[in-house]
Amino acid sequence: VVDEEHDSSYKQDSPAPRYNGRDVAVMLATIHGCPLVMGSATPSLESVFNAGCGKYAMLNLDTRFYRAREAAVEIIDTSAERRKNGMTGSFSKKLVSMMEKTLQDGEQVLILRARRAFSPVLQCPECGEILKCPHCNVSLSLHKNPDRMMCHHCGYSAAFDPHCPKCGAVMHGLGSGTQKIEEETQALFPGARIGRLDSDTSGPQAVDIINKFNAGETDILIGTQIVSKGFDFPGLTLAAVIAADSLLGVQDFRADEKAFQILEQLRGRCGRREKQGVFMIQTNQPDHPVYRQLAEGNGDSFYRILMSERSEFGYPPFTRIMNLSIKDEDETRVELLSARLSGVLKTVLSETAGTMPDMVSDPFRPPVDRISGNHIRIIRLTLKKDRHLHDMKRLAARTVSEFEKKARCQGHVTIDVDPY
């Protein structure tokens, strides 16, 4: 049994072995000839595709747990709210009013902010300097209690110095993470019992936070995507998303799919008993298709739209993707290695397997192109899902292995099948 089969946490991308736990379960079931049950209110497009092909059987549950009604969805245009002074910090006055009513009724509130820390970015208002990690091409985040600057990619940490290293002006935090949302919530609701759940909370501490919220000992719970997991909180009737657009602003062809899954899962956390829940989304893009499909409750239509787009542009589940990641401390060397490897792959796959060279991309920079001192380039292989697929993957892996030996760069290239 694979519960929440769509969840991205099943994917292990670093370190090796790189695999998807869901797909491992499928393979194990095939090898041993045993039944496999995959459950999700928001199935992955791959599973929907396999059900449409007859590979999987689709079984629909038409009623919610405890026969509860679906939570009502309200989309709040934060741009419009700001123009009419309808915002208090990160919170719209509409959301604050609904939170007040919920707490007065003795019910609970769940708030999702997709970024941890206090401020994701530190910038000097005078010279514009943004503090970056010395080992990665990414900005440092400000964490409170104690005040530290941290890199969320390599783990680098340093004491927070509020003065700009270039001009000496006082640095300002840009944006808000879960810590800042917690601070703002405490200021708005000083009498409320508030908890925070993100990757900064340790294992035992996280369990205690969840148990207290489940027992009704916490009024408001603030957290990252972990709060959208399959919890059943009987007293929860209001769920809200702060800065929902951060879920969409990702360089990933699955961004809309993942955002829809997270939001729909969060919506399913509230109003799971007699009283109908309310799900509020704060966004600068109120007309975005993801939010509209949620408000209209037409997930099937949204899946059809996504499937049509994937088919038109040749993305999974209609193809298989392999990402080759080339890393080196020397940027010139990584540029040279990646360009040579791309050329070799294009030649070998074209001549040996008759594959068009455009199925192998030129090397490109990922959104974060330097981590832990290593410069990174990506080569993407897009392979057709036909009877030659397994041979193509083996050929690509063998070509990479031979290239590493010839170029004396063993350990500099990693292969990730079905990334993201």
Original post:
Got a sec, which pairs hit ring-ring contact (aromatic ring centres under 6.0 Å, His included) with one end in residues 5-45, sequence neighbours left out?
Top reply: none
**OP:** Please list all pairs passing the salt bridge (Lys or Arg N to Asp or Glu O under 4.0 Å) test where one or both residues lie in residues 282-293, with sequence neighbours left out.
**Re:** Asp287-Arg292
Original post:
Quick one: salt bridge (Lys or Arg N to Asp or Glu O under 4.0 Å) pairs with a partner in residues 115-129, sequence neighbours left out?
Top reply: Arg116-Asp200, Glu129-Lys166
**OP:** Return the set of residues passing side-chain hydrogen bond (donor to acceptor under 3.5 Å, both in side chains) with Arg304 (not counting sequence neighbours), or none when no residue passes.
**Re:** none
Subject >> All pairs passing side-chain hydrogen bond (donor to acceptor under 3.5 Å, both in side chains) where residues 212-227 contributes a residue, at least two apart >> reply: Arg193-Asp219
**OP:** Please indicate whether Tyr315 has more than 12 foreign heavy atoms, meaning atoms of other residues, nucleotides or ligands, lying under 6.0 Å from its OH.
**Re:** no
Original post:
salt bridge (Lys or Arg N to Asp or Glu O under 4.0 Å): which pairs involve residues 368-377, sequence neighbours left out?
Top reply: Glu331-Arg377, Glu335-Arg377, Arg365-Asp369
Original post:
Between Glu404 (side chain) and Gly411 (backbone), is there a donor-acceptor pair under 3.5 Å?
Top reply: yes
Subject >> Any side-chain donor near an acceptor of the partner, Ser47 and Glu5, under 3.5 Å >> reply: yes
**OP:** Evaluate side chain to side chain contact (heavy atoms under 4.5 Å, CB included) for Arg267 paired with Glu70, printing each intermediate quantity in order.
**Re:** CA-CA 8 Å; Arg267 179 191 181 193; Glu70 293 283 357; 3.7 Å; yes
Subject >> Carboxylate-amine/guanidinium contact Arg18 Asp13, below 4.0 Å >> reply: no
Subject >> Verdict with reasoning, Glu81 to Lys94, per salt bridge (charged side-chain N to carboxylate O under 4.0 Å, His left out) >> reply: CA-CA 9 Å; Glu81 292 300 311; Lys94 290 181 180 179; 3.6 Å; yes
Original post:
How would you list, by chain and number, every residue that makes a salt bridge (charged side-chain N to carboxylate O under 4.0 Å, His left out) with Arg320, sequence neighbours excluded?
Top reply: Asp418
Subject >> Arg196/Asp198 ion pair, N-O < 4.0 Å >> reply: yes
Original post:
Does the pair Asp232 and Arg273 meet the rule for a salt bridge (charged side-chain N to carboxylate O under 4.0 Å, His left out), with working shown?
Top reply: CA-CA 10 Å; Asp232 177 32; Arg273 296 298 189 273; 3.0 Å; yes
**OP:** Could you list the residues that satisfy side-chain hydrogen bond (donor to acceptor under 3.5 Å, both in side chains) with His375, not counting sequence neighbours?
**Re:** none
Subject >> Ile220 side chain near Gln108 side chain, heavy-atom distance below 4.5 Å >> reply: no
Original post:
Any sub-3.5 Å donor-acceptor pair from Thr185's side-chain atoms to Ile181's backbone N or O?
Top reply: yes
Original post:
Taking the six-membered ring for Trp, is the centroid-to-centroid distance between Phe313 and Phe253 below 6.0 Å?
Top reply: no
Original post:
Taking atom types as modelled, is there a side-chain donor on Ser44 or Arg22 under 3.5 Å from an acceptor on the other?
Top reply: yes
Subject >> With Lys258 via side-chain contact (heavy atoms from CB on, under 4.5 Å) - residues at least two apart >> reply: Asp252, Arg254, Gln261, Tyr420
Original post:
Do the side chain of Arg310 and the main chain of Pro316 share a donor and acceptor less than 3.5 angstrom apart?
Top reply: yes
**OP:** State which residues pass side-chain hydrogen bond (donor to acceptor under 3.5 Å, both in side chains) with Tyr291; sequence neighbours excluded, sorted by chain then number.
**Re:** Asp245
Original post:
Can you pull the ring-ring contact (aromatic ring centres under 6.0 Å, His included) pairs that have at least one residue in residues 182-214, sequence neighbours excluded?
Top reply: Phe213-Phe233
**OP:** Flag the pair Met322 / Asp416 as yes when at least one side-chain heavy-atom distance between them is below 4.5 Å, and no otherwise.
**Re:** no
Subject >> Results of side-chain hydrogen bond (donor to acceptor under 3.5 Å, both in side chains) for Lys229 - residues two or more places apart only >> reply: Asp7
